[in-house]
Asks: 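Got a structure for you, questions after.
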Amino acid sequence: MFKFILSIPIDHPNYIHTETVQAALAKHKEEKMALPMPTKRRSTYVQSPVINCTPPDSSSGSENEGALLRQSSVGADLEALDTPSLLQPPSLQSPDSWINHSVQGSSTSSSASSTLSHGEGKPQPQPSQPQAQPQYKLRVEKCSGEIRQARVVCEIKTLCIGAGRVCVTVFVGLPTPHPPGVPINSRVSTKIQQLLNTLKRPKRPPLSEFFMDDQEEIVEVPQPDPNTPRPEGRQIIPVKGEPLGVVSNWPPALQAALVRWGATQGKSPALTALDITGKPLYTLTYGKLWSRSVKLAYTLLNKLGPKNEQVLKPGDRVALVYPNSDPGMFLVAFYGCLLAEVIPVPIEVPLSHKDAGSSQVGFLLGSCSVSLALTSEICLKGLPKMPTGEILQFKGWPRLKWVVTDSKYLTKPGKDWQPHIPTANTDPAYIEYKASKEGTVMGVAVSKVAMLTHCQALTQACNYCEGETLVNVLDFKKDMGLWHGVLTSVMNRIHTISVPYAVMKACPLSWVQRVHIHKARVALVKCRDLHWAMMAHREQRDTSLASLHMLIVADGANPWSVSSCDAFLNVFQIHGLKPEVICPCATSPEAMTVAIRRPGVPGTPIPARAILSMGGLSHGVIRVNAEDKNSALTVQDVGHVMPGALMCIVKPEGPPQLCKTDEIGEIVVNSRAGGNMYYGLPGVTKNTFEVIPVNTLGAPIGEIPFVRSGLLGFVGPGSLIFVVGKNEGLLMVSGRRHNADDLVATALAVEPVKTVYRGRIAVFSVTVFYDERIVIVAEQRPDASEEDSFQWMSRVLQAIDSIHQVGLYCLALVPANTLPKTHLGGIHIFETKQNFLDGNLHPCNILMCPHTCVTNLPKPRQKQPGTVVGVGPASIMVGNLVAGKRIAQAAGRDLGMIEDQDLFLSEALQWRAQTDPDHCLYVLLNAKGLVVSTATCVQLHKRAEKIAAVLIEKGSINTGNNVVLLYPPGIDLIASFYGCLYAGCVPVTVRPPHPQNLAATLPTVRMIIDVSKAACILTTQNLMRTLRSKEAAATVNIKTWPTIIDTDDLPRRRPPMIYKPPTAEMIAYLDFSVSTTGMLTGVKISHAAVSALCRSIKLQCELYSSRQIAICLDPYCGLGFVLWCLASVYSGHQSILIPPLELESCLPLWLSTLSQYRIRDTFCSYSVMELCTKGIGTQTEILKVSITRTRALTHTHVHANSPSPSFSLQARGLNLSCVRSCVVIAEERPRLALTMSFSKLFKDLGLSPRAVSTAFGSRVNLAICMQGTTGPDPSTVYVDMKSLRHDRVRLVERGAPQSLPLMESGKILPGVRVIIVNPETRGPLGDSHLGEIWINSPHSASGYYAIYGEESLQADHFNTKLSFGDPTTLWARTGYLGFVKRTELLDAAGDRHDALFVVGSLDETLELRGLRYHPIDIETSVSRAHRSIAESAVFTWTNLLVVVAELSGSEQDALDLVPLVTNVVLEEHHLIVGVVVIVDPGVIPINSRGEKQRMHLRDSFLADQLDPIYVAYNM
């Protein structure tokens, strides 16, 4: 099915290297990617200092050690090239020429176009001078190791925007016209338009069909492409290795070999260790190794416990903790454990409690029940310690006893003591650690017979001879370094020369020198060692490698090893290196050595190579690629199966079914020389070590178990084994396989010298929205510019798209030396991935491409045009009735008859001033909790009279004129309101401007004054001076203010008469408010509505003259104004007024007032509740001295009318058990999470969990729901969020996926009728159906107040009728979506309670992908994404979702938020975020009710007024 290329010349194009990538990128030279660079504050990009002692290539030593090698010699020589700058000087272009061009870039086979375009500005003629349009041309070609310059076109234009801003770099292509409606001078608008243009482009090639949306909205896998290559060969036959030879003098156990050599060849060298300079430090002979191992075994068994009690017994596990620079101590410890019959568990030396993967090593030690660790004296001194001098307790580690194994601490046994050496059996001999793809560290147990058999198989395969020399550059604690350098070497009395990693950093050629000096026959290396030696070979030419019989390449199974082996042979062939001695091998911790190329005979042909199609490999199929070399993979064989082993290929997923001959699968091995189990993990062991392959019918092919190796490959001609990757590096994206190493190689080949620091790149996948998404993280060079980095990222996207046909999800650059490292300096992939997911990566540049690679979103909902024929509102209503569903309507209790004297509030005040003049209606507190002013009935009446008199005299006010009340929260505002009623004027309460922020707040005041056509302004002296100040003149025209009257010092006068309206339908006051959508709306409230509203609240809350309530609300609009100014005069209860601004200087003020005055009923806003929750929620123990002491102090409380002598919370104690009702006043969906947090946090202070409830009102009706004091508690339901997006309500159980908790918005007020209506057909809906909330109530507003009457809007919102059912009743439309649900609870009348649930405002909903989203749901998810997100807000612009997040932490966390925000919105809401904006705390505007002003935020964003920390434009 496939062919192999034999005798390939050394300079054959290997794997994916620089020239391949350059050729792929050359396809895009006419269509460059035009990505908008992110907007970033310069302070955000703080490059960390580079550690001076960093090794020449710190990526070595990890599982990804070939990172730098994949450039081969090309990447190294690129550093020497003096590449000219690709940036065009800004002086050569006009400031706006950067927006004149747009191009279409590359696309993937499974994605939309992966580019963005700049589409603004008029087309500019191209300058004819070549200097104005420089084209720097560079391409790298490899031929016999030489670098040649060729051409790659790259046109770049640059514009620096704003002071302190980064430069925006744009690839220039073809001009496009300027889209209408986008201001050219708006940077944000330009970039969003680019993104929009990209999304409008047709996807190329066409995407496969998505599933049809249903209720469950489960993402289905697209139908397979019929052109997908499929395996066509026959079923593979298991491959058998040569028989394991029978030798008469094989020792019965490995320890027996040590006994033999120690006794007969005592002076023969066993190990030579090198110092840091590469010179021999000491040589350990077999005699010393034997004697020291015996001493250690005796000490372990007899001398560790007190009074020589035995601490260890055979079979116990012991950790070996030795540095890589001390192989001798490790060798003694390992064989000492074998002789003592305890099981050694070699691990790495912990350097600190923050070591990458440290807790996972602790999991290994715990699963192996390790309680004792052996180490050297030097290593023990270097371990991190606590101040007491004890060894630090590392995170996740069991408590260990540390034992030093230096000779001076060991006890020599008596002559009669000899270690017991049994014949090799199936008991564990040692445990080798292995890190899984998920980061879990497990221990692979190797039995004694497997250890012995493995040594025999290696001896036979490698043709080891007694007494020869081996140079080992690998880690001797695991894998090939342990198997060859510690075990097989002792079996064959081999002299091992250990070259530690530290020596390689200082002298990369040291291992070659050792081979030359010692005439070594075997060298054990990795590709990185070949690369380093090749780079440094010019330093010493008089070296000879002619003595080498085998050059074992431990990571030769990696596809990119071909480049290293060929390049090394090309350089060192003149030094005696023979081609046939290079022996790549394939290994895994579970199967141990799977295959190894046997040393060849001089003159034999070069081993086989296969040039495979990467497209075929991604589908798990072998296809020869002889045409498109850009997407070809060249792999070399790793020899034949090990002696005595049986091997076959099975499918890596699902049942272990045998693969076909042209199919890629996982290599499984049956051999006595392999791992036995994951120690202490029997469940995982069965799936790996006890695999029985099955045929296509599912029948087992035999009874013998195989071991999964984790290697992916196939069997070639002549039973040669080829490996193309590992399970650990496998990335499954949209059903296709990609190798992480392949992607690293491609990324490194894209001009890495400019951007990537020492080739350190990590590739991994994260699961987001039912599929794996590829993430690339690289360390950025300290001297790399922002433009270079962004250009490199964009070119990597192109290269991977072109070569691998897969889209990247995220590409991040972090400062140099900040990625977590393995013990040998490589990148710790799992820790890097975990940091990415936890938001601890701290990148300095990031590029998200969700639009490109996320292709499995549900199909957008297609709304039917108009109503379906024959299904009108009447049909829906009848259908509900037939189905047994009642109409969704509810009503409060009867309001009762309103008496004549209750019609006008001004008369109520007069009546109270006569009947109960000294009754205190209002108490105003300051920030210290002291009473600053009070108002009795008669005091308020007389002050109102004074104001009415001055209005008539000074203001020349006519009846019905509007008067603006401009006061801080207090009693003056209340008196002025009643003064206006006495004078026959219409009061308009307006929040005063902030004196420190007049530019932002004064225009709103001016707008309300102009819209209301106020004839006069009542205010204080201080505010009057502010209105006429120079600062105010800079913002508004102060000469056109209406008459301003100061009411601070008024003469004692009474009006000639107190005005009484002729009819209750006349306007009592105007209520102006800015909605969350940014609309300023004023509504007219009649005298009849005021009386009905006050009576309704009085009945619901049981407010009487003896009651005392506390109000912490803004008194300027809505229900807050009603409770502050109106309710006390109507009901006669006492109101303790707490201005919310006072809480900023004294957070506990409100709660302390409740405790001090024993308040039963209190009203607040969400802002107040959030302030208390965040500010003092964690201080409840401090606030609560003791409930007992509080009760004792209660008897000493002063009367409510007198000032409090002390406000020390700590001395007084805080007790909230008196609070019966705490009502949150709002015009939004109840914030269940906040109210529950508040209840839980202050439960310790006595607050009842039943006390907290919410109220609901709207512009058309200020108060619709309020919990009150009687009736059932507010109920909570859980609805399916997916159904809500489809305008449906589906109730689910608590904890269900995609469930949203909704709390009832309080009981419906007396006199209020509610019905749920379809907003489009205006027909009534059934119970538990989502629709618009319509209201019929005597206290609804009369209409909108506007300069120009809008009768149509008036009739539509305030006097609308149902299209079917009850066509006579007039309803008011609230503009809020909700539903009514009949509960099992009973109301006061004994009837079943109908609960109203508010979902959200219709005006605020986001229409995306044909679905309706509520911003609060997305914002809740975003705020939960990272601990540093203080607040968030979302809005749309041109169908793009924009997320603004406030950063409460350090600015280095800013870029961490971008992928997390994108992930959470995609996972939970099935939406792709277009723009992520990171801003400072407090940037998102909040109104007085605590509601986000999203439209103001949107306007500020588009006008570039946010001063963001970072703006990311997702592709």
Side-chain angles (χ1 to χ4, degrees), residues 960-965 977 980 985-991 1003-1015 1061 1063-1093 1114 1116-1122 1125-1126 1226-1228 1256-1264 1312-1314 1317 1319 1322 1332-1362 1369-1377 1401-1405 1487-1489 1491 1493 1495-1496:
N961 282 359
N962 297 340
V963 175
V964 165
L965 310 183
F977 175 83
C980 290
C985 307
V986 179
V988 183
T989 53
V990 180
R991 180 191 307 280
T1004 304
V1005 175
R1006 181 77 212 201
M1007 182 186 301
I1008 297 177
I1009 291 173
D1010 293 342
V1011 169
S1012 64
K1013 294 183 286 189
T1063 170
E1065 301 306 321
M1066 292 190 65
I1067 298 176
Y1069 71 97
L1070 298 180
D1071 190 298
F1072 275 89
S1073 173
V1074 178
S1075 69
T1076 54
T1077 57
M1079 297 293 294
L1080 175 66
T1081 54
V1083 293
K1084 298 177 287 187
I1085 309 295
S1086 67
H1087 288 277
V1090 168
S1091 297
L1093 177 55
D1114 268 324
Y1116 299 108
C1117 61
L1119 195 49
F1121 169 76
V1122 173
C1125 295
L1126 311 183
E1227 295 183 8
E1228 59 177 303
F1256 171 65
S1258 67
R1259 286 283 76 203
V1260 299
N1261 192 302
L1262 303 182
I1264 299 170
V1312 177
R1313 289 176 59 196
V1314 172
V1317 179
R1322 303 197 178 191
E1332 186 180 5
I1333 302 170
W1334 286 17
I1335 300 297
N1336 174 265
S1337 165
H1339 63 252
S1340 292
S1342 305
Y1344 289 126
Y1345 184 90
I1347 302 176
Y1348 309 106
E1350 296 186 14
E1351 289 75 11
S1352 60
L1353 196 64
Q1354 204 92 320
D1356 186 58
H1357 284 199
F1358 291 92
N1359 298 301
T1360 189
K1361 297 179 182 179
L1362 293 172
T1369 305
L1370 294 180
W1371 299 87
R1373 302 181 60 175
T1374 63
Y1376 284 82
L1377 290 174
S1401 169
L1402 260 173
D1403 292 338
E1404 281 196 340
T1405 55
N1487 66 11
S1488 60
R1489 297 187 297 273
E1491 299 164 344
Q1493 303 290 288
M1495 291 305 104
H1496 287 319

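We're numbering straight along the sequence, starting at 1.
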Asks: Ignoring hydrogens and angles, tell me if any N or O in the side chain of Asn961 forms a donor-acceptor pair with the backbone of Ala1015 under 3.5 Å.
Replies: no
Asks: Starting from the C-alpha separation in whole Å, work towards a yes-or-no answer on side chain to side chain contact (heavy atoms under 4.5 Å, CB included) for Leu1119 and Val1122.
Replies: CA-CA 5 Å; Leu1119 195 49; Val1122 173; 4.2 Å; yes
Asks: Would you find more than 12 non-hydrogen atoms of other residues, nucleotides or ligands less than 6.0 Å from Met1007 atom CE?
Replies: no
Asks: Going by the rule ring pair (Phe, Tyr, Trp, His ring centres under 6.0 Å), which residues pair with Phe977 if we only count those two or more places apart in sequence or in a different chain?
Replies: Tyr1069, Phe1121
Asks: How close do Gly1118 and Glu1227 get, counting heavy atoms only, and between which atoms?
Replies: CA-OE2, 4.5 Å
Asks: Residues in side-chain hydrogen bond (donor to acceptor under 3.5 Å, both in side chains) with Thr1374, at least two apart?
Replies: none
Asks: Locate the shortest heavy-atom distance separating Val1312 from Ala1263; write the atom from each residue and the value.
Replies: CG2-O, 4.4 Å
Asks: Can you name the nearest heavy-atom pair linking Ser1340 to Ala1089, along with the distance?
Replies: O-CB, 3.8 Å
Asks: Mind checking what makes salt bridge (charged side-chain N to carboxylate O under 4.0 Å, His left out) contact with Arg1373, not counting sequence neighbours?
Replies: Glu1332, Asp1356
Asks: Could you tell me which residues satisfy side chain to side chain contact (heavy atoms under 4.5 Å, CB included) with Val1005, sequence neighbours excluded, listed by chain and number?
Replies: Leu966, Val990, Pro993, Leu1002, Ile1009
Asks: Which pair of heavy atoms, one from Lys1013 and one from Asn962, lies closest together, and at what distance?
Replies: O-CB, 4.3 Å
Asks: Determine whether a donor-acceptor pair (N or O, by modelled atom type, separation under 3.5 Å) exists between the side chain of Ser1091 and the backbone of His1087.
Replies: yes
Asks: Indicate yes or no for a side-chain donor-acceptor contact from His1357 to the backbone of Val1260 under 3.5 Å, with no hydrogens or angles considered.
Replies: no
Asks: Working to the nearest 0.5 Å, report the span between OG of Ser1012 and OH of Tyr1345.
Replies: 6.5 Å
Asks: Tell me if a side-chain donor or acceptor on Thr1405 pairs with a main-chain N or O of Leu1402 at a distance below 3.5 Å.
Replies: yes
Asks: What distance separates Tyr1376 OH from Glu1228 CD, expressed to the nearest 0.5 Å?
Replies: 7.5 Å
Asks: Kindly compute the distance separating OG (Ser1401) from CD (Glu1491), expressed to the nearest 0.5 Å.
Replies: 9.5 Å
Asks: Side chains of Met1066 and Val986, heavy atoms from C-beta outward: is any pair under 4.5 Å?
Replies: no
Asks: For Phe1072, which residues count as a ring pair (Phe, Tyr, Trp, His ring centres under 6.0 Å) partner, sequence neighbours excluded?
Replies: none
Asks: Closest heavy-atom contact between Val1083 and Arg1259?
Replies: CG1-O, 3.5 Å
Asks: Under the rule for side chain to side chain contact (heavy atoms under 4.5 Å, CB included), what residues qualify as partners of Pro1003, not counting sequence neighbours?
Replies: Thr1035
Asks: Looking at side-chain heavy atoms only, is the closest gap between Thr1360 and Trp1334 below 4.5 Å?
Replies: yes
Asks: Applying side chain to side chain contact (heavy atoms under 4.5 Å, CB included), run through Leu1362 and Arg1322 and close with a yes or a no.
Replies: CA-CA 6 Å; Leu1362 293 172; Arg1322 303 197 178 191; 5.8 Å; no
Asks: For the atom pair CD1 (Ile1335) and CD1 (Ile1264), what is the distance rounded to the nearest 0.5 Å?
Replies: 4.0 Å
Asks: With rounding to the nearest 0.5 Å, note down the distance linking OG1 in Thr989 to CG in Asp1071.
Replies: 6.0 Å
Asks: Kindly indicate, with the supporting measurements, whether the criterion side chain to side chain contact (heavy atoms under 4.5 Å, CB included) is fulfilled by Ile1085 and Leu1262.
Replies: CA-CA 10 Å; Ile1085 309 295; Leu1262 303 182; 4.1 Å; yes
Asks: Which atom names give the shortest non-hydrogen contact between Pro987 and Ala1068, and what distance separates them?
Replies: CD-O, 3.1 Å
Asks: Run Lys1361 and Thr1369 through side chain to side chain contact (heavy atoms under 4.5 Å, CB included) and show every step you take.
Replies: CA-CA 6 Å; Lys1361 297 179 182 179; Thr1369 305; over 6 Å; no
